[in-house]
Structure formats: C-alpha cells, structure tokens
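Index from 1, following the sequence. No experiment lies behind these values; they were computed from the predicted model shown. Only heavy atoms go into these numbers, but all of them, side chains included; no hydrogens, no water, no symmetry mates.
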Amino acid sequence: MTDARRAGAGKRRVVPPAARRRAVLWSLAGGTVLTAAAATVMITGTVPLAATSAAGRPPAGGAPTSTALAPAPTADGRTGPGPWRDPLTSAEIERAQQLALAEDTELRTASENVKREQGRPQYLGTDLAESPPSVGGTWERKAVVRFYDYRDDTLTHKTVDLLSQKVESSKTVHGVQPPPTREEAQEAAALLLGDPLGDGLRQDFAKATGGQLTRVEQLRVQGWTYEPQGARRGPLRACGAERCVQVTTRVPDGPRIDASNYVINLSDRSVHRLRAKSGGLSS
C-alpha cells in the first residue's frame, strides 16, 4: 500500500471543467455575501444618528446625541426639551416680575398701587404665555406679567422671555378691567367699612357674631369687577374706564354677608349703593 501511495504522489490531480466552474461561482457568491454583511454593519451603525432630530431630540425612549440646540435653563434651573407647558414656578413668577420692572423706570418709580403708594404698581398676576416650539425645535418659556397703575388707570402687559431673561414686548391699554386681586378686594371692603354706607355691613356682622366689626381683617372677602349695564349715568358712569368692584364678605366659620348692593370705585376711592338696602345675611 505504501508503494501505491508513492506511485500516485507524483501524479497531477485532474479537476473536471464543470467542477472548476462551480468553485468559481461559489467564490463569487461568498464575496457578495461578505460585502453585503459589511454594508449591513455600516448601515446599522448609522441608524441612531439618522433617527435623531435636528434639535438633538431622539425618538421616544432615547437620549439626545447633541445638546447644541438645547434650550438654556429656566429661571429655576430646569433644562432640556420639556415639559415646557408646566405651570410657572414661584421662582419663575418672581423672576418675571423683576425683569418686567427692571427696564421700565416710569412704571417702577411713578406708578401707584391700590393704596396710592407711589413707585409700586399694582401687581395683578403672571400667566404662562402661549409659546409653542419655534421653527428649528427651539423651545420657549415665556410669562405675561400684568400691572395696574392707579395713577392714570392703565393696564400694562409685559411678556418676559424666561430663557433669555429679557422683556420681549410691553403693551399699555385703557378701559380694560381684569378681576380684582385679593389685595384690591380687601381694600374695597375697607373703603366700604369706613364709609357711612357700610353701616349695614357692621350691623349684619353684629347679628352674626355678637361683636363689633372694626377692621376688614375680621372678614373673608371676595371681589369681582363691576360692569355697568345700559346707558352710563350718574356717579358710576366712569366705571370701566376707572376700576370699580363689588364684594361679598363672610364671617370666618360663619355666614356670608352680602354686600353686592354696593360698588366701590377704587380709582377715586368712593362708595356707591345700587339698591335701597344691603342683601343681609345668608348661609
């Protein structure tokens, strides 16, 4: 057997032509498969980048691949793409007020609040402005701050951009009367209490409690804007242009004392009666 192997070792192996063609075809097919597999790996490696938006925000569940266009922190330090429609925080409200007054020297120094204190505009409130994402994906966080100036009965709206820390716009109007604040309602009740027309309020309080009503802090007060109906005549004709309110009061842990028959003009600090007598007590 050893001699037979030696005898065959010197002979050349002959591969049939059909077998050679099959080998070439398999070789080409294998190269194609490897090339396709390599391309698949390359594509797979680039999918996360292609799926990320221009603003660096990925689809749900992913993490940003870039913060180049991320918004600046808000007044209370929040960053990132949201939730930007959350209610304003106390820090944002305070910062918005500061920014609204910082560059308005006249409003900051010459205006008057409901108590006629100069240099203190009457603060009415701060609301989140309607500001959807702008083109390019940059998010906005803006607040509208409102002040009333009793010096000339003007209402001022200031839109503050809490990201850039700047006042974006300012608008002053006449003849617009938002609902009174708690401070304004309290001042209206105090004016009523200090006027002869407030005798009915004091009497009703005495009936309800057996004590004397001497200061407005003894009551819980709610107020709303008075809007005259029909032709404006008499002492209330200025209401609308001036700040007129009505109030209702309640004894703490006791009955409500209806004082809605009275209109208090906070602008000229006068008290007026709409009907013959007060509404009296109600539970």
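- For the residue pair Thr126 and Ala143, the shortest heavy atom distance occurs at CG2-CB, 3.8 Å.
- Leu155 has its side chain within reach of Pro178: a pair of non-hydrogen atoms, C-beta onward, lies under 4.5 Å apart.
- Taking Arg120 as the reference, Glu117 meet the salt bridge (Lys or Arg N to Asp or Glu O under 4.0 Å) condition, with sequence neighbours excluded.
- In this structure, the separation between NE2 on His272 and CG on Leu197 is 9.0 Å, given to the nearest 0.5 Å.
- Considering only heavy atoms from C-beta on, Arg146 comes within 4.5 Å of Asp127 through its side chain.
- Interatomic distance, Ile257 CD1 to Arg250 CZ, rounded to the nearest 0.5 Å: 10.0 Å.
- Residues that satisfy the salt bridge (Lys or Arg N to Asp or Glu O under 4.0 Å) test with Glu184, not counting sequence neighbours, are Arg243.
- Transitive grouping of hydrophobic side chains (ILVMFWY, heavy atoms separated by less than 4.5 Å) keeps Ile264 and Trp224 in distinct clusters.
- A pairwise comparison of heavy atoms in Ala100 and Val167 identifies CA-CG2, 4.0 Å as the closest pair.
- From Thr248, atom OG1 reaches atom CD of Gln222 across 7.0 Å, with rounding to the nearest 0.5 Å.
- Judged purely by atom type and a 3.5 angstrom limit, Arg202 uses its side chain to pair as donor or acceptor with the backbone of Leu193.
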Show your reasoning for whether side-chain contact (heavy atoms from CB on, under 4.5 Å) applies to Tyr123 and Asn113. CA-CA 8 Å; Tyr123 170 67; Asn113 64 8; over 6 Å; no
As a quick check of understanding, evaluate side-chain contact (heavy atoms from CB on, under 4.5 Å) for Leu201 and Tyr262, giving each step before the final call. CA-CA 10 Å; Leu201 180 60; Tyr262 302 99; over 6 Å; no
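- Within the 4.5 Å cutoff, the side chain of Thr209 has no heavy atoms near those of the Gln218 side chain.
- In this structure, CG in Leu107 is found 7.5 Å from OG1 in Thr172, a value given to the nearest 0.5 Å.
- Among the candidates Val144, Leu99, Asp104, the single residue satisfying the side-chain contact (heavy atoms from CB on, under 4.5 Å) test with Lys158 is Asp104.
- Residue-environment remark: CZ (Arg182) stays at or below the threshold of 12 foreign heavy atoms within 6.0 Å.
- A distance of 11.5 Å separates CG of Asp195 from CZ of Arg269, quoted to the nearest 0.5 Å.
- Between Asn265 and Ser270, the closest side-chain pair of non-hydrogen atoms falls below 4.5 Å.
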Would Gln165 and Arg95 count as a side-chain hydrogen bond (donor to acceptor under 3.5 Å, both in side chains) here? Give the steps. CA-CA 9 Å; Gln165 303 284 287; Arg95 184 55 177 160; 2.8 Å; yes
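- Taking the side chain as every heavy atom from C-beta outward, Tyr150 and Leu266 approach each other to under 4.5 Å.
- Between Leu88 and Leu162 there is a side-chain heavy-atom pair separated by less than 4.5 Å.
- In terms of heavy atoms, Tyr148 sits closest to Ser267 at OH-OG, 4.4 Å.
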Please step through side-chain contact (heavy atoms from CB on, under 4.5 Å) for the pair Leu128 and Glu92, ending with a clear verdict. CA-CA 10 Å; Leu128 188 64; Glu92 287 177 314; over 6 Å; no
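- For Asp149, the salt bridge (Lys or Arg N to Asp or Glu O under 4.0 Å) partners at least two apart in sequence or on another chain are Arg151.
- Between Leu101 and Pro121, the closest heavy-atom pair is CD2-CG, 4.0 Å.
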Show the numbers, then the answer: is there a side-chain contact (heavy atoms from CB on, under 4.5 Å) between Gln177 and Tyr226? CA-CA 9 Å; Gln177 300 296 341; Tyr226 170 72; over 6 Å; no
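- Within the 4.5 Å cutoff, side-chain heavy atoms of Gln122 are placed close to those of Glu183.
- Here the closest heavy-atom approach between residue Val160 and residue Ala96 is recorded as CG2-O, 3.8 Å.
- Ala185 and Gly223 make their closest contact through CB-N, 3.8 Å (heavy atoms, listed as atom of the first residue, atom of the second, distance).
- Atom-to-atom distance recorded for Thr214:OG1 and Phe205:CZ is 8.0 Å, nearest 0.5 angstrom.
- Contact of the Leu274 side chain with the Leu236 side chain is registered, since non-hydrogen atoms from C-beta on lie closer than 4.5 Å.
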